[in-house]
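Lettering of chains follows the sequences in order, A, B, ..., and the numbering in each one begins at 1.
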2 protein chains.
Amino acid sequence: MKISHAAERAGLPVKTVRYYADIGLVAPTDRSASGYRSYDQDAIQKLIFIRRARAFGFSITKCRELLGLYVDDSRSSADVKEIAKRRLAEIEEKQKELQYLHDELAHLITACRGDDRPDCPIISGLAQPA
Amino acid sequence: MKISHAAERAGLPVKTVRYYADIGLVAPTDRSASGYRSYDQDAIQKLIFIRRARAFGFSITKCRELLGLYVDDSRSSADVKEIAKRRLAEIEEKQKELQYLHDELAHLITACRGDDRPDCPIISGLAQPA
DNA sequence: CCTTGACCTTCCAGTTACTGGAGAGCCTAT
DNA sequence: ATAGGCTCTCCAGTAACTGGAAGGTCAAGG
């Protein structure tokens, strides 16, 4: 399967698939005589795996790690669970931050009359050193 | 005030303050004879403003826009409110996404026994095309 | 007067994960 | 034969810094 077909199957842009090949994350199964990359079902499965893991916010480095576990039948599920749990904790941390930002910004917005006068609690709120 | 002092006051790394000067976001008030950047209270206030706005997730471009409104006494607070509201909507969007990720990942984790056996719902969950 | 050490300067490279584009080769159909 | 739609490689750029090298400046101590 040529790259555009593989990319479509995996739900990724062609450029990204080529990029993943470049950085050695998912190598094409083969190359045609004219140099075209060729992907089989197994490689596409890996691409899908990466896409999903990326969507979960795993970095390329972590994806590499997970992919190693994915292809390695002898890995324990404890390893994977550990990585996933750390990632979950990161997500929860991010959620807390975002909630804080949300509340503070919402507060500033409600405090702002939004008329033509120049004094604005959002601007003055942002200028606080806190 | 020299850069390290100003940076400390603003709560930013020196490198970042220099970077902001380079990109013309917050210019130093002055330069000493020997070329040292010098910042006055007004410039530090702008740096604080930027730091806070960045913490709210505003991009440098948006910060530039906001800073323009900040220094411009003739701006209406409606302008600022509009920008802030859009930003709030973005934050809420991000929150929803994050919640979805969180739930799906948490689900995979609880489904995983986390023992020494190789079969792992997290791995197989990631490998789903969905 | 000289040196030491903490500053400061500029410039260059690297980070993350791609994305866009140029220029050129290949393949299939009409 | 040629038109189009692929594909290739390579280069550059994105956002917002961060790290490091090489070198200038300044105040204090010996």
Side-chain angles (χ1 to χ4, degrees), chain A residues 1-40 43-44 46-67 87 90-91 94 97 101, chain B residues 1-40 43-44 46-67 87 90-91 94 97 101:
Chain A
M1 209 175 315
K2 276 184 280 188
I3 197 166
S4 67
H5 201 172
E8 195 184 356
R9 289 275 180 103
L12 287 169
V14 171
K15 274 271 185 185
T16 301
V17 176
R18 220 176 261 129
Y19 171 71
Y20 287 167
D22 285 353
I23 63 171
L25 184 59
V26 180
T29 316
D30 205 1
R31 289 272 189 157
S32 78
S34 51
Y36 287 14
R37 289 172 186 82
S38 168
Y39 294 84
D40 65 5
I44 288 167
K46 285 181 194 165
L47 288 171
I48 290 169
F49 181 89
I50 297 297
R51 175 173 56 75
R52 298 260 307 155
R54 291 283 302 128
F56 273 101
F58 290 100
S59 68
I60 292 287
T61 302
K62 275 278 171 282
C63 284
R64 218 182 275 273
E65 200 177 326
L66 284 168
L67 197 61
R87 180 64 204 145
E90 281 166 36
I91 288 174
K94 192 84 193 162
E97 273 174 44
L101 287 181
Chain B
M1 208 177 312
K2 276 183 281 186
I3 197 166
S4 67
H5 202 173
E8 195 184 356
R9 288 274 179 102
L12 287 169
V14 170
K15 274 269 185 188
T16 301
V17 175
R18 220 176 262 129
Y19 172 70
Y20 287 167
D22 285 352
I23 64 172
L25 185 58
V26 179
T29 316
D30 205 1
R31 288 273 189 156
S32 76
S34 51
Y36 287 16
R37 288 174 187 81
S38 168
Y39 292 84
D40 66 4
I44 288 167
K46 286 182 194 164
L47 288 171
I48 290 169
F49 182 88
I50 298 297
R51 174 172 56 76
R52 297 261 307 158
R54 291 283 303 128
F56 272 101
F58 290 99
S59 69
I60 291 286
T61 302
K62 276 275 169 284
C63 283
R64 220 181 274 272
E65 199 176 327
L66 285 168
L67 198 61
R87 181 64 203 144
E90 283 165 35
I91 289 174
K94 191 81 193 165
E97 274 174 45
L101 286 182

Sidechain-backbone polar pair: B/R51 side chain, B/A10 backbone, donor-acceptor under 3.5 Å: yes
Between C/dT15 (P) and A/I60 (CD1): distance, integer Å: 14 Å
Spacing of A/S4 atom OG and A/R37 atom CZ [to the nearest 0.5 Å]: 12.5 Å
Nearest-Å distance for atom pair CZ/C1', residues A/F58 and C/dC18: 20 Å
Enumerate the protein-to-nucleotides 4-7 of chain D contacts in which both atoms are nitrogen or oxygen and the separation is below 3.5 Å.
residue, atom, partner, partner atom, Å
D/dT7, OP1, A/S4, N, 2.9
D/dT7, OP1, A/S4, OG, 2.8

Spacing between B/Y20 atom OH and D/dA16 atom C1', to the nearest angstrom: 7 Å
Value in whole Å for how far the C1' atom of C/dC18 lies from CG of A/L25: 13 Å
Separation between CG of A/L47 and CG of A/L12, rounded to the nearest 0.5 Å: 6.0 Å
Rounded distance (Å) that lies between atom C1' of D/dT25 and atom CZ of B/R31: 14 Å
Sugar-phosphate, base or nothing in reach of A/S59, heavy atoms under 4.0 Å: sugar-phosphate
Between D/dA15 (C1') and B/D22 (CG): distance, integer Å: 15 Å
Check against side-chain contact (heavy atoms from CB on, under 4.5 Å), A/L67 and A/V26: CA-CA 9 Å; A/L67 197 61; A/V26 180; 4.2 Å; yes
Reported CG-to-CZ distance for the pair A/L66 and A/R54, which is rounded to 0.5 angstrom: 11.5 Å
Atom pair OH (A/Y19) and CG (A/L25), whose distance is rounded to the nearest 0.5 Å: 9.0 Å
Provide a list of protein-nucleic acid N or O atom pairs under 3.5 angstrom, restricted to nucleotides 18-22 of chain D.
residue, atom, partner, partner atom, Å
D/dT18, OP2, B/T16, OG1, 2.8
D/dG19, N7, B/K15, NZ, 3.0
D/dG19, O6, B/K15, NZ, 3.0
D/dG20, O6, B/K15, NZ, 2.3

Residues A/R87, A/K62; criterion side-chain contact (heavy atoms from CB on, under 4.5 Å); working and verdict: CA-CA 10 Å; A/R87 180 64 204 145; A/K62 275 278 171 282; over 6 Å; no
Whether over 12 other heavy atoms sit under 6.0 Å from A/E8 CD: no
